[in-house]
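Report on the following structure.
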Amino acid sequence: MPDSILPPILVELADRVIIANRRAGRTIAVAESCTGGLVSAALTEIAGSSDVFEAGFVTYSNDMKAELLKVSHDVLETFGAVSIATAWAMAQGALLNSHAHVAVAITGIAGPGGGTEQKPVGTVVFARAERGASPDKIVADMRHFDNDGRGGVRLQAALCALELLLPESSGA
C-alpha cells in the first residue's frame with residue numbers, strides 16, 4: 001500500500017502548510033463543503049500534523065452549515081451556500097468551534113450539475129479567518145475553476161484552500 005492515496009501535488013502542499021504553520025506556532029482548522037474533507041485528508045496525510053491541524057468540519061448541507069458552524073439561515077437564504085458571506089461565516093464558525101489560530105472555509109459547485117448562469121460549475125468561494133483579527137479584515141475570494149470534471153474542480157479548490165493556510169498568505 002502506498003503512503004498516500006492522494007495526488008502528490010496535494011500532499012506536497014499540505015506538507016508545506018504543516019511545516020510553515022508549525023514554525024509560525026499556529027494551529028489551523030478547515031470548514032469544507034464542496035471538497036468534502038479533501039483538505040482535511042491532505043493535512044492528515046502528513047505525519048505529525050496533529051500538532052498543527054486541530055479540526056476539520058465537513059458541512060455539506062445548509063442545515064449542517066447552520067447547526068455546526070452557526071451560519072445564519074438569513075445569510076444562506078439571502079446569498080446562497082456558494083457566497084462570500086457564507087464562506088466567511090463558515091470560517092468564523094470553524095474558529096468558534098475550535099481553538100485554532102486560523103481557519104479556512106471552502107464552499108462551491110463541483111459539478112457535474114448544480115451550476116447556474118450566475119454561479120456555473122467550478123465556482124468556489126474561499127474565506128480565511130484569524131483569531132483576534134479585526135472583524136473588518138475579511139479575506140475572501142470567489143474563484144471560477146475550469147470545469148474539468150468534479151475531481152478536477154475539487155482538487156483545484158483544495159489546493160487553493162491549502163495556499164490560504166500558508167502563514168505568508170496572511171497579508172492577502
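The first residue of the sequence shown is numbered 1, and numbering continues consecutively from there. For clarity, every value in this text was computed on a predicted model and none was experimentally measured.
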Which side-chain N or O atoms in residues 27-36 pair as donor and acceptor under 3.5 Å with protein atoms at least two apart or in another chain?
from  : atom 1 : to     : atom 2 : distance (Å)
Thr27 : OG1    : His101 : N      : 3.2
Thr27 : OG1    : His101 : ND1    : 3.1
Glu32 : OE1    : Thr35  : OG1    : 2.6
Glu32 : OE1    : Gly37  : N      : 3.2
Glu32 : OE1    : Leu38  : N      : 3.1
Glu32 : OE1    : Val39  : N      : 2.9
Glu32 : OE2    : Ser40  : N      : 3.0
Glu32 : OE2    : Ser40  : OG     : 2.8
Ser33 : OG     : Thr59  : O      : 3.4
Ser33 : OG     : Lys65  : NZ     : 2.9

May I ask whether [X] and [Y] are part of the same hydrophobic cluster, defined by side-chain heavy atoms of I, L, V, M, F, W, Y residues being less than 4.5 angstrom apart, directly or through others?
{"X": "Val104", "Y": "Leu95", "value": "no"}
{"X": "Val58", "Y": "Leu164", "value": "no"}
{"X": "Ile84", "Y": "Val75", "value": "no"}
{"X": "Val124", "Y": "Tyr60", "value": "no"}
{"X": "Leu165", "Y": "Ile19", "value": "no"}

Working to the nearest 0.5 Å, report the span between [atom1] of [X] and [atom2] of [Y].
{"X": "Leu96", "Y": "Arg131", "atom1": "CG", "atom2": "CZ", "answer": "8.0 Å"}
{"X": "Phe57", "Y": "Ser98", "atom1": "CZ", "atom2": "OG", "answer": "5.5 Å"}
{"X": "Phe126", "Y": "Thr107", "atom1": "CZ", "atom2": "OG1", "answer": "10.0 Å"}
{"X": "Ser49", "Y": "Asp15", "atom1": "OG", "atom2": "CG", "answer": "10.0 Å"}
{"X": "Lys119", "Y": "His144", "atom1": "NZ", "atom2": "NE2", "answer": "10.0 Å"}
{"X": "Arg16", "Y": "Leu162", "atom1": "CZ", "atom2": "CG", "answer": "9.5 Å"}

Residue set satisfying salt bridge (Lys or Arg N to Asp or Glu O under 4.0 Å) with Arg143, at least two apart, ordered chain then number -> none
Shortest non-hydrogen contact from [X] to [Y]?
{"X": "Ala105", "Y": "Ala91", "value": "CB-N, 3.5 Å"}
{"X": "Leu155", "Y": "Pro7", "value": "CD1-CG, 4.2 Å"}
{"X": "Ala81", "Y": "Asn62", "value": "CB-OD1, 3.3 Å"}
{"X": "Met142", "Y": "Val82", "value": "CE-O, 4.2 Å"}
{"X": "Arg26", "Y": "Leu166", "value": "NH2-C, 4.0 Å"}
{"X": "Val121", "Y": "Pro112", "value": "CG2-O, 3.5 Å"}

Any heavy-atom pair between the side chains of [Y] and [X] that's under 4.5 Å?
{"X": "Val125", "Y": "Thr86", "answer": "no"}
{"X": "Leu68", "Y": "Asn97", "answer": "no"}
{"X": "Val17", "Y": "Glu163", "answer": "no"}

Inter- and intrachain pairs under salt bridge (Lys or Arg N to Asp or Glu O under 4.0 Å), touching residues 51-62, at least two apart = Arg22-Asp51
Pairs satisfying side chain to side chain donor-acceptor pair (under 3.5 Å), at least one member in residues 66-80, at least two apart | none
Residues in side-chain hydrogen bond (donor to acceptor under 3.5 Å, both in side chains) with Gln92, at least two apart?
-> none
side-chain hydrogen bond (donor to acceptor under 3.5 Å, both in side chains) against Asp63, all qualifying residues, sequence neighbours excluded = none
